[in-house]
J.: 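Quick one: the structure is below, questions incoming.
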Amino acid sequence: MKLKFQENIDKIKNCPSQNEIGEMNLFRCVESDISEKSFVPQAVLLKPKYQDMCIAWGISVFNSFDSANQMLKSLSKNKRVNYSKIARGIINDSHGIKYGGNNKKHYTFFPTEEFNVVENFEIVNRND
């Protein structure tokens, strides 16, 4: 399975170090008009600052709407202007690697090259 940004990920030892197996509903803060811009990893946005940090090459996602909403509320006012909605994606093992780390509310998702984040994430409301 080839991941997006694989050439950069390969430069970091044991990156990513584990994968959560199984299908998961994962949530992410996104722009109101969901686009690829909502899914750019920190390592790309803030290069070269985070280029040697494994999790910076994945995208930050959460295991629940509430956890994503807490993150949304903690964003600066400037970032909340751009990232004002929450999207849900149903992610399975063929879509990429779901790295959980120590915090089981937060995951880093490393999508495969073929995975289209815009087609696979949709904006949801608390009731969805």
Side-chain angles (χ1 to χ4, degrees):
M1 159 183 350
K2 188 169 183 184
L3 304 173
K4 290 182 183 173
F5 309 107
Q6 186 72 59
E7 59 282 352
N8 300 93
I9 292 169
D10 285 343
K11 294 176 186 173
I12 304 169
K13 187 177 180 180
N14 297 323
C15 179
S17 62
Q18 66 185 26
N19 183 20
E20 295 281 331
I21 303 298
E23 186 173 275
M24 300 175 81
N25 279 301
L26 294 173
F27 298 82
R28 176 160 173 85
C29 302
V30 296
E31 299 173 326
S32 343
D33 293 327
I34 196 167
S35 72
E36 285 282 335
K37 287 178 18 182
S38 292
F39 298 93
V40 177
Q42 292 294 309
V44 174
L45 290 174
L46 302 172
K47 209 172 186 180
K49 185 176 182 180
Y50 295 116
Q51 70 184 17
D52 296 328
M53 182 181 279
C54 181
I55 61 172
W57 289 104
I59 56 173
S60 183
V61 290
F62 299 88
N63 70 344
S64 71
F65 180 94
D66 288 338
S67 293
N69 198 38
Q70 284 178 341
M71 173 55 76
L72 187 63
K73 289 178 179 177
S74 73
L75 292 174
S76 69
K77 285 184 182 182
N78 288 345
K79 285 198 181 213
R80 262 186 280 152
V81 168
N82 292 328
Y83 298 96
S84 59
K85 301 290 181 186
I86 295 172
R88 176 184 62 213
I90 300 170
I91 307 302
N92 67 44
D93 297 339
S94 69
H95 296 151
I97 293 175
K98 303 170 295 284
Y99 171 71
N102 295 330
N103 180 349
K104 291 303 175 186
K105 291 182 179 184
H106 177 268
Y107 289 84
T108 302
F109 174 53
F110 297 86
T112 63
E113 277 191 335
E114 302 82 31
F115 185 74
N116 185 321
V117 286
V118 175
E119 288 178 4
N120 286 282
F121 276 81
E122 64 180 352
I123 293 176
V124 293
N125 295 314
R126 183 174 292 280
N127 309 350
D128 292 346

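FYI, the numbering just counts along the sequence from 1.
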J.: Hey, quick one: are V118 and I90 part of the same hydrophobic cluster, counting side-chain heavy atoms closer than 4.5 Å, chains of contacts allowed?
T.: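 As far as the 4.5 Å side-chain criterion goes, I90 and V118 are not connected within one cluster.
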J.: Return the set of residues passing salt bridge (charged side-chain N to carboxylate O under 4.0 Å, His left out) with E114 (not counting sequence neighbours), or none when no residue passes.
T.: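 If we apply the salt bridge (charged side-chain N to carboxylate O under 4.0 Å, His left out) test to E114, skipping adjacent residues, there are no hits.
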J.: Please name all residues satisfying side-chain hydrogen bond (donor to acceptor under 3.5 Å, both in side chains) with S60, sequence neighbours left out, ordered by chain then number.
T.: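 With neighbours one apart ignored, the set is H106.
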J.: When rounded to the nearest 0.5 angstrom, what is the spacing between CD1 in I97 and CD1 in I21?
T.: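 Nearest 0.5 Å value for the CD1-CD1 distance: 9.0 Å.
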J.: Can you see which heavy atom on D93 is nearest to which on E20, and at what distance?
T.: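 In terms of heavy atoms, the two residues are closest at OD1-O, 3.9 Å.
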J.: Are side-chain N/O atoms of N92 and S94 paired as donor and acceptor at under 3.5 Å?
T.: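 Short answer, yes.
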J.: Going only through I, L, V, M, F, W and Y residues with side-chain contacts under 4.5 Å, is there a path from I59 to I123?
T.: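 Yes, I59 connects to I123 through the hydrophobic network.
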J.: Let's go through N116 and E36 carefully: what are the C-alpha distance in whole Å and the side-chain angles of both, what is the deciding distance for side-chain contact (heavy atoms from CB on, under 4.5 Å) to 0.1 Å, and is it a yes or a no?
T.: CA-CA 9 Å; N116 185 321; E36 285 282 335; 4.3 Å; yes
J.: Which pair of heavy atoms, one from I55 and one from T108, lies closest together, and at what distance?
T.: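 For I55 versus T108, the nearest heavy atoms are O-CG2, 3.4 Å.
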J.: Please check if F62 and I86 belong to a single hydrophobic cluster, counting links between Ile, Leu, Val, Met, Phe, Trp and Tyr side chain heavy atoms closer than 4.5 Å.
T.: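 Yes; tracing contacts between hydrophobic side chains, which count when under 4.5 Å, links both residues.
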J.: Near M53 CE, under 6.0 Å, is it more than 12 heavy atoms from other residues, nucleotides or ligands?
T.: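 Incorrect, the count does not exceed 12.
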J.: Taking the inter-plane angle between the rings of F65 and F27 on a 0 to 90° scale, is it parallel (under 30°), tilted (30 to 60°) or perpendicular (over 60°)?
T.: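 Plane angle over 60°, so perpendicular.
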J.: Hey, any chance V30 and V117 share a hydrophobic cluster, counting ILVMFWY side chains that come within less than 4.5 Å of each other, even indirectly?
T.: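 Result: yes, single cluster for both.
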J.: Looking at side-chain heavy atoms only, is the closest gap between V61 and F39 below 4.5 Å?
T.: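 Result no, sub-4.5 Å side-chain heavy-atom pair not found.
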J.: About how many Å separate CG of L3 and CZ of F110, when rounded to the nearest 0.5 Å?
T.: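 One finds 8.0 Å between CZ of F110 and CG of L3.
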J.: Ignoring hydrogens, what is the shortest heavy-atom contact between S84 and S32? Give both atom names and the distance.
T.: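 Distance-wise, the nearest heavy atoms are OG-OG, 3.3 Å.
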J.: Is a side-chain N or O of N19 found less than 3.5 angstrom from the main chain of K98, in a donor-acceptor match?
T.: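 Judged by distance alone, yes, a pair lies under 3.5 Å.
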J.: For Y50, is the OH atom crowded, meaning more than 12 foreign heavy atoms sit under 6.0 Å from it?
T.: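 Count not over threshold, so no.
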J.: According to salt bridge (Lys or Arg N to Asp or Glu O under 4.0 Å), does anything in residues 47-58 pair up with another residue at least two apart or in another chain? List the pairs.
T.: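 Not a single pair qualifies under salt bridge (Lys or Arg N to Asp or Glu O under 4.0 Å).
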J.: Which atoms form the tightest heavy-atom contact between G58 and P41, and what is the distance?
T.: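 Closest heavy-atom pair between G58 and P41: O-CB, 3.5 Å.
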J.: Assigning hydrophobic clusters by single linkage (Ile, Leu, Val, Met, Phe, Trp, Tyr; side-chain heavy-atom cutoff under 4.5 Å), is L46 placed with V44?
T.: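 Yes, L46 and V44 fall within the same hydrophobic cluster.
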J.: Is there a side-chain contact between K4 and I9, using heavy atoms and a 4.5 Å cut-off?
T.: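 Not touching, per the 4.5 Å side-chain cut-off.
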J.: Quick one: does R28's side chain have a donor or acceptor within less than 3.5 Å of a partner on S38's backbone?
T.: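 Yes, the answer is positive, given that a donor and an acceptor are paired below the 3.5 Å cut-off.
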J.: Which pairs count as disulfide bond (SG atoms under 2.5 Å apart) when at least one residue sits in residues 32-108, sequence neighbours excluded?
T.: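 Applying disulfide bond (SG atoms under 2.5 Å apart) to every pair that reaches into residues 32-108, excluding sequence neighbours, yields C15-C54.
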J.: Ignoring hydrogens, what is the shortest heavy-atom contact between A43 and Q51? Give both atom names and the distance.
T.: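 Heavy atoms of A43 and Q51 come nearest at CB-CA, 4.4 Å.
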J.: Is I91 close to Y107 at the side-chain level, that is, under 4.5 Å between some pair of heavy atoms?
T.: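 Answer no - side chains too far apart.
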J.: Could you check whether Q6 and D10, counting side-chain N and O atoms only, form a donor-acceptor pair closer than 3.5 Å?
T.: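 Short answer, yes.
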J.: With K2, which residues qualify under salt bridge (charged side-chain N to carboxylate O under 4.0 Å, His left out), at least two apart?
T.: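 Listed in chain order: E113.
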J.: Considering all heavy atoms of both residues, which atom of Y83 and which atom of E31 are nearest to each other, and what is their separation?
T.: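 Heavy-atom minimum between the residues: CD2-N, 4.1 Å.
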J.: What residues form a side-chain hydrogen bond (donor to acceptor under 3.5 Å, both in side chains) with Q42, not counting sequence neighbours?
T.: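 Per chain and number, Q42 pairs via side-chain hydrogen bond (donor to acceptor under 3.5 Å, both in side chains) with no residue.
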J.: With ring centroids as reference points, do F109 and F115 lie under 6.0 angstrom apart?
T.: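 Aromatic pair counts; centres sit under 6.0 Å.
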